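These notes are about the structure you will find just below.
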Amino acid sequence: MTQDLQQLLERINAEGVAKANAEAERIIGAANARAKGIVEAASREAEQAVAKARAEADAFSRQAEATVRQAMRDTLLDIEKKVEALLTKLLVQEASAAMSNPSLVATLAAEAVRAYLPGHGGAMDVLAAPELADALRAKLAQEARGGGVTVVTDERTGSGFKVRLAGGRVEHDFTGAAVADALARGLRPRLAELLK
């Protein structure tokens, strides 16, 4: 009986070990399957994260390039405006200085009178600052012997002169500011071309 009991115990033990081994294999297989699933999911998430990071990096790079291009454009426009302002200021200074020269202004006014007087019935006013009015009167007295030319002192004229025709309805501006403005209009397209 001891022997039967011994065999029974050995058989129970063997069945228990076999069951335990089978259960252990099942648990290990499930754990391996679950681990494999976790690794695959992590791998997919990592691939998605890498793809998203690449897309964000590409978008950032494109945005940075666009920002740099815009900054370059803004800088060029700012430089163009500053150079234009500087050149305009120089033109105004130089034109005003030139148009403050009584001899030059008198010569230019005489040319204007010769050009405009015949076609406007002989009536014309020449407006000039007090510093230039006397020189204009002297020069225009020689040029417009037939009369009809009146030199008017005008404090607002500044450098240069204005010619007023048709009873004041038509005015031609030969002041330093007007000459500088005319020169600047011709200069701006060329300046813009040079800066591009």
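This one's a predicted model, so the numbers in the text were calculated from it and none came from an experiment.
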Please lay out, stage by stage, how L108 and F174 fare under the test side chain to side chain contact (heavy atoms under 4.5 Å, CB included). CA-CA 9 Å; L108 293 174; F174 298 96; over 6 Å; no

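- V163 and L104 fall within a single hydrophobic cluster, where Ile, Leu, Val, Met, Phe, Trp and Tyr side chains are chained together by heavy-atom contacts under 4.5 Å.
- A distance of 13.0 Å separates CD1 in I79 from CG in L86, rounded to the nearest 0.5 Å.
- Using a 4.5 Å heavy-atom cutoff, the side chains of L132 and M99 are not in contact.
- Taken to the nearest 0.5 Å, the CD atom of E45 stands 11.0 Å off from the CD1 atom of I38.
- Here the NZ atom belonging to K19 is positioned 13.0 Å from the CZ atom belonging to R26, to the nearest 0.5 angstrom.
- Both L183 and L87 sit in one connected hydrophobic cluster of ILVMFWY residues. Membership requires side-chain heavy atoms under 4.5 Å apart, directly or through other members.
- The CG atom of D173 lies 11.0 Å from the CZ atom of R164; values are rounded to the nearest 0.5 Å.
- At least one side-chain heavy atom of F161 sits under 4.5 Å from a side-chain heavy atom of L136.
- In this structure, A177 and S96 approach most closely via the heavy-atom pair N-OG, 4.4 Å.
- Within a 6.0 Å sphere centred on CD of E94, heavy atoms belonging to other residues, nucleotides or ligands number 12 at most.
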Verify side chain to side chain contact (heavy atoms under 4.5 Å, CB included) between E40 and R44, making sure each step is shown before the conclusion. CA-CA 6 Å; E40 288 173 356; R44 281 191 304 273; 3.8 Å; yes

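- For D74 and Q70, the side-chain atoms include at least one donor-acceptor pair closer than 3.5 Å.
- The backbone N or O of S103 sits less than 3.5 Å from a side-chain atom of T107, completing a donor-acceptor pair.
- Closest heavy-atom contact between G176 and A95: O-CB, 3.5 Å.
- The structure places CD of E23 at 10.5 Å from CD1 of I28, a figure rounded to the nearest 0.5 Å.
- Comment: K81 does not engage E84 in a salt bridge, judged by the lack of any side-chain N to carboxylate O separation of less than 4.0 angstrom.
- Using a cutoff of 4.0 Å between basic side-chain nitrogens and carboxylate oxygens, R185 and D181 are scored as salt-bridged.
- At least one side-chain heavy atom of K52 sits less than 4.5 Å from a side-chain heavy atom of E56.
- Within the 3.5 Å criterion, the main-chain N or O of G160 finds no donor-acceptor partner in the side chain of T175.
- When all heavy atoms of A106 and A135 are compared, the closest pair comes out as CB-O, 4.0 Å.
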